**Student:** 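My structure is below; once you've seen it, I'll send some questions.
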Amino acid sequence: MQVVVVNEKEALSTYIARDFMNYVSGHNRVVFGLATGSTFTGVYKKLVHQHQNSNLSFKPVMTFNLDEYMDLESNHPQTYRNVMNRNLFDCVDIDKRNTFFPPIKKNIRFSVYDDMIEKAGGIDCQYLGIGVNGHIAFNEPGTSFTIKTHKVALADATREANKRFFDSKDQVPKHAVTMGLSTIMKARRIVLAASGEKKAEAIRGMLYDPISEQMPATVLRQHSNVVVVLDRAAAQFLEEGEYDTTEIFGAC
Ligand code: F6R
């Protein structure tokens with residue numbers, strides 16, 4: 001695992017947006033795994049800016065989002081499809097037929113999503129956030145490392161953290177469909193981003209706790225190509241020595 005520490009959230013967004021753009025400019029076709037959530041809002045803003053003000057084109061891009069809520073009307077502003085449309089897809093030249101979300105229809109085999117990813121040639125780069133409880137995508141503590149895309153009951157901590165996007169916690173859906181940990185681990189490269197002191201404990205656990213299903217993000221230590229991008233607040237419990245750490249303070 002390579003760890004990159006930048007000054008603050010703005011620099012983190014810049015770093016990840018550049019990472020994304022390097023992929024797009026270097027490839028005729030690229031398959032990304034994407035996350036929603038506040039960590040990536042600034043990244044998508046920068047990508048939209050680059051599209052509008054320079055020559056960044058999303059025509060070669062295919063995307064698979066990590067997760068989708070169940071039990072929301074399709075026109076609800078907080079479905080992850082609608083959040084991604086608003087923040088990115090509607091603002092760039094991506095072909096929306098190349099943007100995918102986990103299937104949420106009842107009576108469907110959710111792991112059909114894994115088959116779709118495989119058929120697309122696999123994910124070149126998977127961008128991930130992390131929950132305060134160490135979840136990645138919506139794989140909550142206790143989830144098997146070998147699971148494919150599946151339905152989950154959201155942990156109380158996750159519904160509490162996400163109530164900021166709804167009028168009240170009661171309105172946060174209780175279920176979602178998420179890429180599984182085995183789906184995520186198949187990506188050729190993974191970039192996990194975290195910002196703010198609320199994430200510092202989860203980052204400490206991911207990097208130093210024993211690898212365990214009780215701490216889902218620890219599975220990433222078994223992947224050979226992972227970059228963790230943190231701002232200083234999220235990196236406050238980093239210890240010296242164990243990881244290859246690059247610090248980029250100042251303009252990024
Ligand atoms: C979102 C997702 C989640 C978030 C995580 C962090 O698609 O899969 O795992 O990445 O909950 O959310 P934020 O960025 O809002 O702190």
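Treat the numbers as computed from the prediction; the structure is a model and nothing was measured. Atoms within each ligand, like the ligands themselves, are counted from 1 in listed order.
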**Student:** Return the option from Ile184, Asn133, Thr36 holding the heavy atom at the smallest distance from atom 1 (C) of ligand 1.
**Tutor:**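 Answer by nearest heavy atom: Thr36.
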**Student:** Taking Lys45 first and then Glu10, would you say they form a salt bridge - that is, a charged N and a carboxylate O separated by under 4.0 Å?
**Tutor:**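 So Lys45 does not pair with Glu10 through a salt bridge.
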**Student:** Could you list the atoms of ligand 1 found under 4.0 angstrom from a heavy atom of Gly37?
**Tutor:**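 It comes down to these atoms of ligand 1: 14 (O), 15 (O).
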**Student:** Can you tell me if Glu140 has a non-hydrogen atom under 4.0 Å from ligand 1?
**Tutor:**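 Judged by the 4.0 Å heavy-atom criterion, Glu140 does not count as contacting ligand 1.
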**Student:** Relative to the ring of Phe138, is the ring of His135 parallel (under 30°), tilted (30 to 60°) or perpendicular (over 60°)?
**Tutor:**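 It falls in the perpendicular class, over 60°.
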**Student:** If you measure every N/O of Ser38 against every N/O of ligand 1, is any gap under 3.5 Å?
**Tutor:**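 The answer is yes, given that Ser38 and ligand 1 share an N or O pair closer than 3.5 Å.
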**Student:** Quick one: does Lys199 get a heavy atom under 4.0 Å from ligand 1?
**Tutor:**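 Within the 4.0 Å threshold, so yes.
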**Student:** Out of all atoms in ligand 1, which are within 4.0 Å of some heavy atom of His135? Include the element for each.
**Tutor:**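 Result: 3 (C), 5 (C), 9 (O), 11 (O).
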**Student:** So, are Asp124 and Arg29 salt-bridged, with charged N and O less than 4.0 Å apart?
**Tutor:**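 Salt bridge between Asp124 and Arg29, a charged N being under 4.0 Å from a carboxylate O: no.
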**Student:** Which bit of Leu66 is near ligand 1, meaning a heavy atom under 4.0 Å away: side chain, backbone, both or neither?
**Tutor:**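 Leu66 to ligand 1: side-chain contact only, backbone stays beyond 4.0 Å.
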**Student:** Please confirm whether the backbone N or O of Val132 pairs with a side-chain atom of Lys198, one donor and one acceptor, at under 3.5 Å?
**Tutor:**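 No: the side chain of Lys198 does not pair with the backbone of Val132.
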**Student:** Closest by any non-hydrogen atom to atom 6 (C) of ligand 1: pick that one out of Leu128, Ile130, Thr39, Asn65.
**Tutor:**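 The option holding the nearest heavy atom is Ile130.
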**Student:** Heavy-atom pairs closer than 4.0 Å: do any link ligand 1 to the side chain of Met179, the backbone, both, or neither?
**Tutor:**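 Neither part.
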**Student:** Run Asp209 and Arg221 through salt bridge (Lys or Arg N to Asp or Glu O under 4.0 Å) and show every step you take.
**Tutor:** CA-CA 11 Å; Asp209 279 355; Arg221 288 177 16 218; over 6 Å; no
**Student:** Decide whether Asn82 and Arg86 meet the rule of one side-chain donor and one side-chain acceptor closer than 3.5 Å.
**Tutor:**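 Note: Asn82 and Arg86 side chains miss the donor-acceptor criterion.
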**Student:** At under 4.0 Å between heavy atoms, is it the side chain or the backbone of Asp67 that contacts ligand 1, or both, or neither?
**Tutor:**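 Only the side chain of Asp67 comes within reach of ligand 1.
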**Student:** Using distance only, find each side-chain donor-acceptor pair of residues 145-155 under 3.5 Å and give its atom names and separation, not counting sequence neighbours.
**Tutor:**
from   : atom 1 : to     : atom 2 : distance (Å)
Thr146 : OG1    : Ser144 : OG     : 2.8
Thr149 : OG1    : Asp114 : OD1    : 2.6
His150 : ND1    : Lys148 : O      : 2.7

**Student:** After noting the C-alpha distance and the side-chain angles of Asn22 and Arg18, does the key distance pass the side chain to side chain donor-acceptor pair (under 3.5 Å) rule?
**Tutor:** CA-CA 6 Å; Asn22 285 341; Arg18 282 196 189 141; over 6 Å; no
**Student:** Does ligand 1 have a heavy atom under 4.0 Å from the side chain of Thr158, from its backbone, from both, or from neither?
**Tutor:**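 Neither part.
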**Student:** When you compare ligand 1 with Ala137, is there at least one nitrogen or oxygen pair between them that comes in under 3.5 angstrom?
**Tutor:**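 There is such a contact, yes.
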**Student:** Mind running ring pair (Phe, Tyr, Trp, His ring centres under 6.0 Å) on Phe101 and Tyr80 for me, showing each step along the way?
**Tutor:** CA-CA 8 Å; Phe101 288 76; Tyr80 282 169; 8.0 Å; no
**Student:** Show the atoms of ligand 1 that are less than 4.0 angstrom away from any heavy atom in Gly129.
**Tutor:**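 Those qualifying, in numeric order: 10 (O).
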